[in-house]
Chemist: 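Let me begin by handing over the structure; questions about it come next.
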Amino acid sequence: MIRTTNSELETFALAEEIAHTLRGGEAILLCGTLGAGKTTFTKGLAKALGVTKMVVSPTFTIIKEYQGSALTLYHIDMYRIEDEDELYELGIEELYQKDTVTVIEWNKMQELPDRVIRINIDVTGENQRKWEISGLESDNN
Ligand code: ADP
Ligand code: MG
């Protein structure tokens, strides 16, 4: 699926649309340069999952946990991870449970759950982003 958004609000709407397809157990891998909209997308996703706490960038904390109404959201930024062992020290392999959704910016994990949604974001203008999304339940790629 390919989408274009022309504002943060449109990105929130796209994230909401994707949130509605989630059943728990998914990993969502976000790829895109700094400022592409990875964290913005995650904010929209969190809101749609019923998270009331403010979502902040996990750059320094690496992993953040948010309770949604039915699912728990983990938001991970692996940018500063140099060695996969560091991830296992964080207990990361226990993440992919039935009632969790894990959003990963800059993924460096080899081990992923069965259901992986890959999202590639291209900056195509000041407020325009192109989203290439694969692995959604609704399509067959
Ligand atoms: P990343 O986490 O990928 O580094 P952020 O989500 O933190 O990126 O930042 C994206 C920036 O781009 C924000 O300042 C946001 O307001 C801006 N922006 C402009 N247009 C869009 C859009 N269509 N979708 C998402 N963010 C946008
Ligand atoms: Mg970010």
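Predicted, not measured: the structure shown is a model, and the values here were computed from it. For ligands, and for the atoms within them, numbers begin at 1 and follow the listed sequence. The figures here come from the full heavy-atom set of this structure, side chains too, leaving out hydrogens, waters and symmetry mates.
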Chemist: How far is atom 23 (N) of ligand 1 from its nearest protein heavy atom, and which residue and atom name does that atom have?
Modeler: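 Result: N127 O, 3.0 Å.
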Chemist: Counting only nitrogen or oxygen atoms and a 3.5 angstrom limit, does G37 reach ligand 1?
Modeler: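 For ligand 1, there is an N or O atom that lies under 3.5 Å from one belonging to G37.
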Chemist: Are N6 and N127 side-chain neighbours, meaning at least one heavy-atom pair lies under 4.5 Å?
Modeler: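 Result no, sub-4.5 Å side-chain heavy-atom pair not found.
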Chemist: Please round to the nearest 0.5 Å and tell me the distance separating atom CG of L45 and atom CD1 of I28.
Modeler: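 Going from CG on L45 over to CD1 on I28, the span is 5.0 Å.
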Chemist: Please report, to 10°, the angle around the Mg ion (ligand 2) from atom OE1 (E105) across to atom OG1 (T39).
Modeler: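 Between OE1 of E105 and OG1 of T39, at the Mg ion (ligand 2), the angle is about 90°.
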Chemist: For the backbone of H75 and the side chain of T102, can you confirm whether one donor and one acceptor N or O come within less than 3.5 Å of each other?
Modeler: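 Answer holds: no.
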Chemist: Nearest heavy-atom pair of A36 and V123: which atoms, and what distance?
Modeler: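 Closest approach of A36 to V123, heavy atoms only: CA-CG2, 3.8 Å.
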Chemist: Within the 4.0 Å heavy-atom shell around T33, which atoms of ligand 1 are there?
Modeler: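 Once the distances to T33 are compared, the set is 3 (O).
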Chemist: If we only consider heavy atoms of I121, is any one of them less than 4.0 Å away from an atom in ligand 1?
Modeler: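 The answer is no: ligand 1 sits nowhere under 4.0 Å from a heavy atom of I121.
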Chemist: So, the side chain of K108 versus the backbone of Y79: is there a donor-acceptor pair under 3.5 Å, distance only?
Modeler: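 Confirmed, K108 side chain pairs with Y79 backbone.
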Chemist: Starting from atom 17 (C) of ligand 1, which protein heavy atom do you reach first, and at what distance in Å?
Modeler: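 Result for atom 17 (C) of ligand 1: R129 NH2, 3.7 Å.
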Chemist: Just need the protein heavy atom nearest to atom 24 (N) of ligand 1, so name the residue and atom and give the distance.
Modeler: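 Of every protein heavy atom, T11 OG1, 2.6 Å lies nearest to atom 24 (N) of ligand 1.
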Chemist: For atom 11 (C) of ligand 1, what's the nearest protein heavy atom and its distance?
Modeler: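 Result for atom 11 (C) of ligand 1: G35 O, 3.7 Å.
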Chemist: Does a side chain donor of either T39 or E105 reach within less than 3.5 Å of an acceptor in the other side chain?
Modeler: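 Yes - a donor-acceptor pair under 3.5 Å links their side chains.
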Chemist: Going by heavy-atom distance to atom 16 (O) of ligand 1, choose the closest among E8, K38, Q128, E126.
Modeler: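 Shortest heavy-atom distance from atom 16 (O) of ligand 1: E8.
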Chemist: When you measure from atom 7 (O) of ligand 1 to every protein heavy atom, which one gives the shortest distance, and what is it?
Modeler: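 Answer, as residue, atom name and distance: T39 CB, 3.8 Å.
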Chemist: Just by modelled atom types, is the G24 backbone N or O under 3.5 Å from a matching donor or acceptor in the R115 side chain?
Modeler: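 Pair found, side chain donor or acceptor close to backbone of G24.
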Chemist: Quick one: does D122's side chain have a donor or acceptor within less than 3.5 Å of a partner on T124's backbone?
Modeler: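 Side chain of D122 to backbone of T124: no pair is present.
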Chemist: Which of the atoms in ligand 1, numbered in the order shown and given with their element, are less than 4.0 Å from a heavy-atom of E105?
Modeler: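 Heavy-atom distances to E105 below 4.0 Å select 2 (O).
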Chemist: If we only consider heavy atoms of S7, is any one of them less than 4.0 Å away from an atom in ligand 1?
Modeler: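 Per 4.0 Å heavy-atom rule, S7 contacts ligand 1.
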Chemist: What is the closest protein heavy atom to atom 5 (P) of ligand 1, and at what distance does it sit?
Modeler: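 Closest protein heavy atom to atom 5 (P) of ligand 1: T40 OG1, 3.7 Å.
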Chemist: Is it the case that ligand 1 has an N or O less than 3.5 angstrom from some N or O of L34?
Modeler: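 Such a contact does not occur with ligand 1.
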Chemist: Taking only Lys NZ, Arg NE, NH1 and NH2, and the carboxylate oxygens of Asp or Glu, determine whether E137 and R23 approach each other closer than 4.0 Å.
Modeler: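 R23 and E137: salt-bridged.
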